[in-house]
Number of protein chains: 2
Amino acid sequence: MAGNKPTTIKEIARKLKISPSTVSRALNDHPSIGLVTTMRVKKMAEEMAYEPNQTAIFFKQRKTFTIGVILPKLSEPFFSEAISAIENVAEDKKYTVLLGQSLDEENRELNIIQTFKKHRVDGILISLSKTTGDMDFLQTLAKTEIPIVFFDCVPDLKDVHKVYSDLSSGMEEAISAFVDRGHQNIALINGPESLLASKERAEAFQQALQKKGIDKKNAFIVHTDLTEKGNEAAMEKICNLADRPSAVVSFNDFVTLDLIRYAKQRGIVLNQDMFFISYANYPLWKYMDNPPMGSIEQYPDQQAQKAAEILFDCIDKKEYTTTPQDVVYPSKLVLK
Amino acid sequence: MAGNKPTTIKEIARKLKISPSTVSRALNDHPSIGLVTTMRVKKMAEEMAYEPNQTAIFFKQRKTFTIGVILPKLSEPFFSEAISAIENVAEDKKYTVLLGQSLDEENRELNIIQTFKKHRVDGILISLSKTTGDMDFLQTLAKTEIPIVFFDCVPDLKDVHKVYSDLSSGMEEAISAFVDRGHQNIALINGPESLLASKERAEAFQQALQKKGIDKKNAFIVHTDLTEKGNEAAMEKICNLADRPSAVVSFNDFVTLDLIRYAKQRGIVLNQDMFFISYANYPLWKYMDNPPMGSIEQYPDQQAQKAAEILFDCIDKKEYTTTPQDVVYPSKLVLK
DNA sequence: TTGTAAGCGTTATCAT
DNA sequence: ATGATAACGCTTACAA
């Protein structure tokens with residue numbers, strides 16, 4: 001029941017009294033091998049339960065048919081949807097997926113990249129950790145010629161492949177929806193200022209307000225560190241304002257969950273005293289008795305799929321230095 | 001920017017005019033190599049940006065430092081928590097995780113196993129797809145001596161490692177909670193009959209009722225295929241019963257979400273006309289205005305961690321045939 | 001303390 | 001159509 005070393009090509013060859021190279025060729029349907037031999041070899045391989053040793057093949061071919069995927073957190077629906085999309089593309093290409101969660105910690109992210117490099121993955125897909133500032137690892141990766149495609153949370157660099165969501169389209173829709181319903185006093189509860197994602201939201205917010213002719217004086221921006229306490233603190237600030245905003249755009253749906261709960265505690269009635277829209281469009285809303293007014297879909301599956309496709313393009317072409325792709329998908333408001 | 005082949009040990013050796021074996025040993029801190037040589041080698045390796053070619057090492061050592069994890073669906077919090085726990089253990093052991101989602105389809109599951117086998121993973125962790133009936137792949141895996149540990153959804157076999165949750169403890173608590181609150185008419189909305197998980201729930205249900213002295217005539221069991229429609233159909237049956245149950249245990253929280261929604265449509269008031277308890281203890285309840293009465297925690301992280309630990313035990317001991325572990329964690333009712 | 005050489009399983013090149 | 005041989009990069013007896 002144990003101890004049987006896996007069958008090798010050599011053993012098949014010996015048994016059949018032919019050479020290993022013939023066996024190899026037969027197994028790979030090489031045209032120059034006679035039909036009979038091919039059949040004989042395949043039959044014997046079957047009998048001996050031959051399984052090619054991929055580690056040897058990976059080694060020889062300098063290719064692992066493996067891509068590494070780095071995400072902040074799988075428990076966020078956004079990313080679990082993304083990974084599913086990636087898996088599907090990978091499966092079609094007969095690739096396997098190595099997984100790493102950065103948990104939004106930069107050093108974890110670097111470790112994972114290091115591991116992936118050691119494993120000689122053929123490519124890397126990454127949605128950056130929210131704390132990543134240092135892009136030096138790109139240099140190292142460039143040396144190894146491992147292609148890398150960023151998606152969702154992408155770096156502010158020119159010469160890299162990236163796929164991301166344009167936050168401003170959704171923001172415009174959100175502000176329009178608010179203003180059209182009579183709101184004049186609108187707040188943004190944004191993420192940490194250090195984040196690119198926050199900067200983008202802030203800009204989009206300002207521009208959208210401007211477009212709708214709302215005075216900036218009526219626009220408040222507060223920040224949260226995205227923890228529960230931070231979210232509540234942000235909400236507290238909003239609520240304590242002299243003229244309390246009646247509409248809030250928040251960083252994402254998770255934040256909104258906390259905001260709504262806090263608001264309720266303060267006796268603020270959802271969708272009456274105060275209205276919310278946030279990014280993500282998480283599926284759970286449909287089960288809530290009192291969902292927020294809307295949520296902005298960012299299409300994680302589309303983003304991830306496109307990113308994977310670009311990555312495989314790089315891999316297939318073996319051109320590490322193909323012109324960098326910069327793909328943007330508009331985000332879209334979904335009213336609840 | 002391109003074309004540079006990665007540095008090899010040989011090149012370092014040549015540059016230093018010593019033998020490759022010395023370089024290899026120095027790099028691995030082999031005690032027999034002089035300190036000076038070791039330093040010199042390491043310095044040169046650094047300078048030449050040497051990265052060991054793991055594919056060669058994997059090949060040589062017949063080990064990939066990779067484990068494969070197969071889960072039904074990452075978007076279920078249960079499994080995303082599980083994978084995080086597994087990742088943590090793997091990280092400590094310097095292992096990498098290959099990921100595959102079965103999406104509860106048996107053939108996908110088999111494909112993934114095939115791929116993992118080809119990749120020569122050192123071990124496999126799997127929570128079976130809900131449709132998996134055929135355990136033949138175990139035979140094949142046994143031949144390759146790849147250790148495998150089942151968790152959560154485990155097969156009904158004696159001689160395999162498995163870690164799972166004892167559904168009955170939570171069920172007993174649930175039934176007790178119901179009965180103590182005066183409910184006499186209790187229903188179980190169970191999963192597909194083909195599932196082991198359903199059989200276990202059904203048995204636990206019957207036994208718990210018996211323990212509490214509830215007449216079986218007052219206990220209804222209906223099945224759902226776990227789709228939204230199926231869940232609603234199951235609920236409809238319950239609601240149409242002559243004496244409608246006032247308490248429902250359901251297969252899991254996802255099912256309960258649909259049940260509650262349907263109940264509301266029919267004008268049934270939650271936690272007044274009807275009370276719910278289900279398995280999973282999903283985190284979202286805390287944000288619901290009207291959560292069900294309770295949920296049964298199954299500790300995915302504990303299960304997954306233990307399973308991973310057992311797997312690494314198998315791997316480390318290189319004893320494929322260690323006595324099969326059978327670890328059970330009690331489930332626990334959490335009132336909301 | 002260091003060097004030599006064999007070998008892991010496969011494939012590709014060159015012969016035959 | 002098939003065989004012999006080398007090579008991928010690394011480790012590890014065995015020698016020196």
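In what follows, chains carry the letters A, B, and so on, assigned in the order in which the sequence lines appear, proteins first and then strands, with residues in each chain numbered from 1. Keep in mind that this is a model prediction, so the values were computed, not measured.
Under the 4.0 Å criterion applied to side-chain N and carboxylate O atoms, Glu46(B) and Lys42(B) are not assigned as salt-bridge partners. Comment: Asp316(A) engages Lys93(A) in a salt bridge, judged by a side-chain N to carboxylate O separation of less than 4.0 angstrom. Between Glu47(B) and Lys43(B) there is a salt bridge, since a side-chain N of the basic residue sits under 4.0 Å from a carboxylate O of the acidic one.
Partners of Phe59(A) under the ring pair (Phe, Tyr, Trp, His ring centres under 6.0 Å) rule, at least two apart in sequence or in another chain, are Phe59(B). Legend: residues meeting salt bridge (Lys or Arg N to Asp or Glu O under 4.0 Å) with Lys60(A), ordered by chain and number and at least two apart, are absent. Judged as a ring pair (Phe, Tyr, Trp, His ring centres under 6.0 Å), and not counting sequence neighbours, the contacts of Phe58(B) are His119(A). Not a single side-chain hydrogen bond (donor to acceptor under 3.5 Å, both in side chains) links Ser194(A) to another residue, sequence neighbours left out. Looking at residues two or more places apart in sequence or on another chain, you find no ring pair (Phe, Tyr, Trp, His ring centres under 6.0 Å) involving Tyr50(B). Taking Tyr164(A) as the reference, nothing meets the ring pair (Phe, Tyr, Trp, His ring centres under 6.0 Å) condition, with sequence neighbours excluded.
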Worksheet item: Where do Tyr329(A) and Tyr299(A) land on the ring-ring contact (aromatic ring centres under 6.0 Å, His included) test, with the steps shown first?
Response: CA-CA 8 Å; Tyr329(A) 290 102; Tyr299(A) 306 101; 7.8 Å; no

Item to complete: Check step by step if side chain to side chain contact (heavy atoms under 4.5 Å, CB included) holds for Arg108(B) and Glu91(A).
Response: CA-CA 10 Å; Arg108(B) 280 189 64 106; Glu91(A) 201 191 348; 3.2 Å; yes

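Considering all non-hydrogen atoms of both residues, Gln101(A) and Leu74(A) come closest at OE1-N, 2.9 Å.
The salt bridge (charged side-chain N to carboxylate O under 4.0 Å, His left out) pairs that include a residue from residues 50-59 of chain B are Lys117(A)-Glu51(B), where partners are two or more places apart or lie in different chains.
When each of Val163(B), Leu125(B), Ile315(B) is paired with Ile310(B), the side-chain contact (heavy atoms from CB on, under 4.5 Å) condition holds for Val163(B) and for no other.
Scanning DNA chain C 5' to 3' for nucleotides with an atom closer than 4.0 angstrom to a non-hydrogen atom of chain A gives a first and last hit of dC8(C) to dT13(C). Nucleotides of DNA chain D that come within less than 4.0 Å of any heavy atom of chain A span, from the 5' end to the 3' end, dA1(D) to dG9(D).
A donor-acceptor contact closer than 3.5 angstrom links the side chains of Thr22(A) and Ser19(A).
Both Ser19(B) and Arg62(B) lie near DNA chain C, and the one whose nearest nucleotide falls closer to the 5' end is Ser19(B). When each of Ala56(B) and Ile18(B) is assigned the nucleotide of DNA chain C with its nearest heavy atom, Ile18(B) is the one assigned upstream, toward the 5' end.
Of the residues in residues 32-53 of chain B, Tyr50(B), Pro52(B), Asn53(B) come within less than 4.0 Å of DNA chain D through at least one heavy atom, sorted by number. Within residues 22-31 of chain B, the residues having any heavy atom under 4.0 Å from DNA chain D are, by residue number, Ser24(B), Arg25(B), Asn28(B).
The bend of the helix from dT1(C)-dA16(D) to dT16(C)-dA1(D), defined by the angle between the axes of its first five and last five pairs, stands at 40° to the nearest 10°.
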